[in-house]
Amino acid sequence: MGLVVQKYGGSSVADAEGIKRVAKRIVEAKKNGNQVVVVVSAMGDTTDELIDLAEQVSPMPAGREFDMLLTAGERISMALLAMAIKNLGHEAQSFTGSQAGVITDSVHNKARIIDVTPGRIRDSLDKGNIAIVAGFQGVSADKKDITTLGRGGSDTTAVALAAALDAEVCEIYTDVDGVFTADPRVVKKAKKIDWISFEDMLELAASGSKILLHRCVEYARRYNIPIHVRSSFSGLQGTWVSSEPIEQGDKKVEQAIISGVAHDTSEAKITVVGVPDKPGEAAAIFRTIADAEINIDMVVQNVSAASTGLTDISFTLPKTEGRKAIDALEKNRPGIGFDSLRYDDQIGKISLVGAGMKTNPGVTASFFEALSDAGVNIELISTSEIRISVVTRKDDVPEAVRAVHTAFGLDSDTDEAVVYGGTGR
Ligand code: ASP
Ligand code: MG
């Protein structure tokens, strides 16, 4: 008998109908002879609504009580799902993250899982139950406080449980049919990917693809847990994310040269203007940013004008950290020495990802040509072995993504990308 972990996202359990539909699917998996563990997210936009509510009573809600509040969302859906399953004549028990043995550090609102001790889940399975676990939450090892794993954290819960229970597969059910070569909300002709390596999936996630969180893929790669991303609204095969290509018929799916195009409009750009071109300047700027605990993404330094000996340094960072970064730099301006700061939150990033670019010349040239043909101006460039990213004006992003997708022959002949649910919030 196999053990499967299934995770259902908020849009799959958005209302009573959704919960009943999902319950049927879960019962099917059980009837096929599997032990089934289900991880569930909060219904629909519940988490956002709870955040709105918190902001109405306190300007910047955070910490222990905020986590206590947000975890309520998943407790609602887990209990309702267990009831719906019982109504279909099968036994189910729901567990909070803490009851399921999800142990985290004590960083509220973005805790990391440090251990999983799923004793109660095992017992429940051994008694023939379907175990339902609230996603996105755990309990801190030291203070025994309830924590959350950061937005979208239920996927990580699912993979962590799959690893701890030695599951055959972690199935992630969502509102699209799998991982696509671009966001189907932007590119109608995006194609479903049958198989993608952990490496390419990590780069896509790091580049703004929202289908799977970086942390979740990282966890799956570390414990070598195959992920099957698929829709809870259709019966189609989805996308396998794993270390080895899957078999299709009697042959292996080939590694694509280019896996896909990702985009990200959640970043801003800060330019430090008039920095003396001498050793130690970049160090001073980025030490200031690091001390403020801000993660940065791209960095470029312009050539300094010989006459002034001054240069500009630009970097990108999450918009949400913009204010903090500006304040930190201003505070240290006397020590660092620069003329002024420029803040720009109207940028977007477009990335092309694929392990095949290591061995195929001309990928970078074709990427830039596609952008140029679409009349898109490039502001920053950064690359890794298997990724090229550019920063452009935010308004240019949809057009740029479509142009690059077409240029690399990724368009499908049919409009296969269906978005079944979700409000995209
Ligand atoms: N409900 C949480 C959120 O919306 C966790 C999740 O959906 O994975 O971020
Ligand atoms: Mg959610």
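For ligands, and for the atoms within them, numbers begin at 1 and follow the listed sequence. The residues of the chain are indexed from 1 along the displayed sequence.
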Polar contact flag for [X] and ligand 1 (N/O pairs, less than 3.5 Å):
X	value
K7	no
G152	yes
D155	no

> So, R230 and D177, do they make that salt bridge, N to O below 4.0 Å?
Replying inline: no
> Would you call D297 and K349 a salt bridge, taking side-chain N to carboxylate O under 4.0 Å as the test?
Replying inline: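 Looking at K349 together with D297, the answer is yes, because their closest N to O distance falls below 4.0 Å.
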Quick one: side chains of residues 84-91, donor-acceptor pairs under 3.5 Å with protein atoms, not counting sequence neighbours, listed by atom name and distance.
none

>> Looking at F95, I'd like to know if the NZ or CZ of R75 sits under 6.0 Å from its six-membered ring centre while staying within 45 degrees of the ring's axis.
In response: no
> Below 4.0 Å from any atom of ligand 1, is there a heavy atom belonging to G10?
Replying inline: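 Contact check G10 vs ligand 1: negative.
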>> Within the structure, is a non-hydrogen atom of G153 found at a distance of less than 4.0 Å from ligand 1?
In response: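 The answer is yes: ligand 1 sits under 4.0 Å from a heavy atom of G153.
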> What residues, two or more places apart in sequence or in another chain, satisfy side chain to side chain donor-acceptor pair (under 3.5 Å) together with H405?
Replying inline: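 Once residues adjacent in sequence are excluded, the partners of H405 under the side chain to side chain donor-acceptor pair (under 3.5 Å) criterion are T181, D411.
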> Can you list the atoms of ligand 1 that are under 4.0 Å from a heavy atom of R151?
Replying inline: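 By the 4.0 Å cutoff, the relevant atoms are 3 (C), 4 (O), 9 (O).
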> In ligand 1, which numbered atoms sit nearer than 4.0 Å to a non-hydrogen atom of S41?
Replying inline: 6 (C), 7 (O), 8 (O)
> Judged by atom type as modelled, is there a donor-acceptor pair below 3.5 Å linking the side chain of T239 to the main-chain atoms of V179?
Replying inline: yes
